[in-house]
Amino acid sequence: SPAGGTDGGEQAAATAALSPEQEFEACLEHAVTCMMAEVNAVGEVMLEVGAPQGWGPSRLDSRQLAQVLAALQQAAAKGGADATVLRQGSTEMTAEGGVVSACTADVLVRRRATGGVPSMEVRVAVIGNVDSGKSTLVGVLTRSMLDDGRGLARGKVFKHHHEESTGRTSSIGQHNLCLDSSGGILNDSQFRATNCGDYVKHASKVVTLVDLAGHEKYFRTTAYGLTGHMPDYACLIVGANMGVVGMCKEHLGVALALKVPVFFVITKVDICPEHVLKNTVQSLASILKKPGVRKKPYLVRGHGEVLTAARNITSDSLAPIFLTSAVTGKGLDLVRMFYSLLPQRHRWVEAQSQAAEFIIDETFGVPGVGTVVAGTVKRGVITPNTPLLLGPDIGDGTFKSASIKSIHYKRLPVGQVVAGQTAALALKKVKRAQVRKGMVLVDERLQPAASWEFDADIAILTHSTTIQPRYQAVIHCEIIRQAARVVAMDMERLRSGDRACVRFRFLQRPEYITPGTRFVFREGRTKGIGVVVASEKPSASSTPT
């Protein structure tokens, strides 16, 4: 058939024997197989069916589209997943005979929650200036309620009594948004931090909202949350009536330095006059167009735009902006849909086959259980009774063997946790005083060692004077938060905007640091960013000065 030979010379011979129907079937079958392999690996996939550079066969008429969607749903159901059609439409495509209209659809395929397979997790850090409504938004989303404009929603997510009395977050709070396989939200008004395990059990995907502090004096905590909790995305909240002020730019700078994709939520649009809101959006757009940021502001007003934003958020050039109100509920459905569609930024599947590494960001003493450490699995798979090395030790900086008694994932007892998930591990025969934030649990095969010194490529962002050897700053590198001194550099002195290769030396204790990690260093406000090039492995004689 002549229609089979339109694919180019190489394929002409192979497809000449196939009729257009058979070619369509073969293309569809191959696309479905690839799609199911991806769903089994990652947990979900978002498809553009029928688009020019989309998934599967293109140039579809409405009958073919229905056939493709039926095949998709059948394959998904067979593989233990759900296929949800998010949008159907048509697009103009150029063909040999001129422009033809083709039917398209956007489909979300997500694995159903099963007992054995852990749900996929996406972490979003919520940042922004003080009093811009971060905790309120988190409360409204995770409790599926509206705010009363008097602190009702934020009161549900605060940890400490002093936070409730002042209305200011001072600690890092983690709150879960549980999603089912069709993209719906499982959280209801009965959701509490204590019963969240019941929701996670039935969830296909969990979005962890890391609620950070906005006040300037808590900036070290916020910087720790942005580096140590390894967020996939940052959600920058801007109060419509306040505009882009205060710590907002500072937080944005840290997120950009760590290469975390950022999206923006403008809150309180119900109490904001029209001209002030317009001014806020314009000032935000002008900041995004600056040479250091270079992002395209993209105002999200409908469901189609949410799909575009979610599909392109990882490309790093798009900055979606949502206009919301937690009191009237305006725009919240778009934010919920966007959170539901956010893809995982890293392919954790590849990291799961590596040797285990777990970074500790909090420690607890639980009565009747013993020492519990919470943190993120960076690589590998961790199961109970896995022998791991815990270190660097507080006293001598060595690594000591430790064994895991049990594992909890979001208050749910589980048999294993994999790379990319947060978890709490109960350790056997380890005293609470022996562990601190910033320690790691690693596989013995990695032969870990703590370093006093490390080399890094750094760039100075803002500094009022010059930086010379003996300069001191606080390093935020994943879970490490410690002051370090510059001991050597390849230039005599550094000013704002300079780049250099520098050797830092920790002041208090050696740390486990891996090459290739991004970090920020600050002295009060952020001063610079860098990438670890190499860490110096200690010899027997090296002692701190």
Side-chain angles (χ1 to χ4, degrees), residues 113-115 118-126 134-148 151-180 184-213 221 225 228-229 231 326 336 339-340 360-377 382 384 404-417 421-427 432 435 437:
T114 53
S119 45
M120 61 176 288
E121 183 183 349
V122 174
R123 279 185 293 284
V124 179
V126 185
K134 295 181 291 299
S135 301
T136 299
L137 184 77
V138 170
V140 165
L141 290 174
T142 56
R143 301 296 190 280
S144 292
M145 56 183 275
L146 288 177
D147 192 38
D148 63 350
L152 176 72
R154 72 178 183 213
K156 307 259 189 228
V157 299
F158 282 153
K159 263 193 200 175
H160 303 295
H161 182 67
H162 68 260
E163 293 180 329
E164 229 162 289
S165 53
T166 60
R168 297 221 168 122
T169 309
S170 66
S171 59
I172 297 173
Q174 291 196 20
H175 306 279
N176 305 311
L177 194 58
C178 302
L179 303 158
D180 61 18
I185 291 183
L186 296 173
N187 297 34
D188 52 26
S189 55
Q190 301 305 307
F191 182 87
R192 301 280 178 278
T194 44
N195 67 3
C196 106
D198 307 340
Y199 292 84
V200 173
K201 203 162 33 182
H202 301 117
S204 297
K205 176 177 178 179
V206 178
V207 178
T208 308
L209 301 173
V210 184
D211 184 21
L212 299 175
T221 310
H229 287 73
R336 286 195 178 101
Y339 273 125
S340 163
I360 296 170
D361 57 43
E362 274 189 274
T363 63
F364 309 98
V366 179
V369 178
T371 306
V372 172
V373 293
T376 313
V377 186
I382 295 179
I404 292 161
K405 206 175 349 183
S406 63
I407 302 175
H408 272 215
Y409 170 70
K410 312 263 182 219
R411 296 179 184 255
L412 193 68
V414 290
Q416 67 162 31
V417 281
Q421 292 188 316
T422 47
L425 315 176
L427 303 177
R432 168 89 193 275
V435 286
K437 289 180 183 182

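The analysis underlying the following values was restricted to heavy atoms, covering all of them including side chains, and did not include hydrogens, waters or symmetry mates.
Of the charged side-chain nitrogens involved, at least one lies within less than 4.0 Å of a carboxylate oxygen, so that K410 and E121 count as a salt-bridged pair.
Residues S144 and F191 are not in side-chain contact: their nearest non-hydrogen atoms beyond the backbone lie 4.5 Å or more apart. Counting heavy atoms from C-beta outward, D361 and K437 have side chains that stay 4.5 Å or more apart. T194 is listed as a side-chain neighbour of R411, based on a closest heavy-atom distance under 4.5 Å. Using a 4.5 Å heavy-atom threshold, the side chains of V206 and Y199 count as separate. Residues R336 and L141 have side chains in contact (heavy-atom distance under 4.5 Å, counting atoms from C-beta outward). Residues D211 and T169 meet the side-chain proximity criterion, which asks for heavy atoms closer than 4.5 Å. Between V435 and T371, the closest side-chain pair of non-hydrogen atoms falls below 4.5 Å. Taking 4.5 Å as the limit, some side-chain heavy atom of I172 sits within range of a side-chain heavy atom of H229.
The heavy-atom pair separating S204 from A113 by the smallest distance is OG-N, 3.4 Å. Nearest heavy-atom pair, A424 versus V372, reported as atom, atom and distance to 0.1 Å: CB-CG1, 4.0 Å. In terms of heavy atoms, V369 sits closest to A426 at CG1-CB, 3.8 Å.
In this structure, the side chain of E164 does not engage the main chain of R154 through any donor-acceptor pair within 3.5 Å. In this structure, R123 contributes its side chain and L209 its backbone to no donor-acceptor pair below 3.5 Å. In this structure, R192 contributes its side chain and S189 its backbone to a donor-acceptor pair below 3.5 Å. Of the possible donor and acceptor atoms, none in the side chain of N176 sits under 3.5 Å from a partner among the backbone N and O of T208. Without hydrogens or angle criteria, D147 side chain to L152 main chain gives a donor-acceptor distance under 3.5 Å. Proximity of a side-chain donor or acceptor of K159 to a complementary backbone N or O of S170 within less than 3.5 Å is not detected. A donor-acceptor contact shorter than 3.5 Å is absent between the side chain of T142 and the backbone of L177. A donor-acceptor pair is defined here as one N or O able to donate and one able to accept, closer than 3.5 Å; such a pair exists between the side chain of K205 and the backbone of S340.
Rounded to the nearest 0.5 angstrom, Q421 CD and I407 CD1 are separated by 10.0 Å. One distance of note links OG of S171 with NE2 of H162; it measures 6.5 Å at 0.5 Å rounding. Here D148 contributes atom CG and T136 contributes atom OG1; the two are 9.0 Å apart, rounded to the nearest 0.5 Å. Annotation: the span from Q190 atom CD to D198 atom CG amounts to 12.0 Å, rounded to 0.5 Å. Within the model, atoms CG of D180 and NE2 of H202 stand 11.5 Å from one another, a figure rounded to the nearest 0.5 Å. Atom CG of L425 sits about 6.5 Å away from atom CG of L427, to the nearest 0.5 Å.
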Task: L179/L186 under side chain to side chain contact (heavy atoms under 4.5 Å, CB included): CA gap, chis, key distance, verdict - done: CA-CA 6 Å; L179 303 158; L186 296 173; over 6 Å; no

- [ ] Just do the side chain to side chain contact (heavy atoms under 4.5 Å, CB included) check on T363 and R432 with the steps written out, would you?
- [x] CA-CA 8 Å; T363 63; R432 168 89 193 275; 3.4 Å; yes

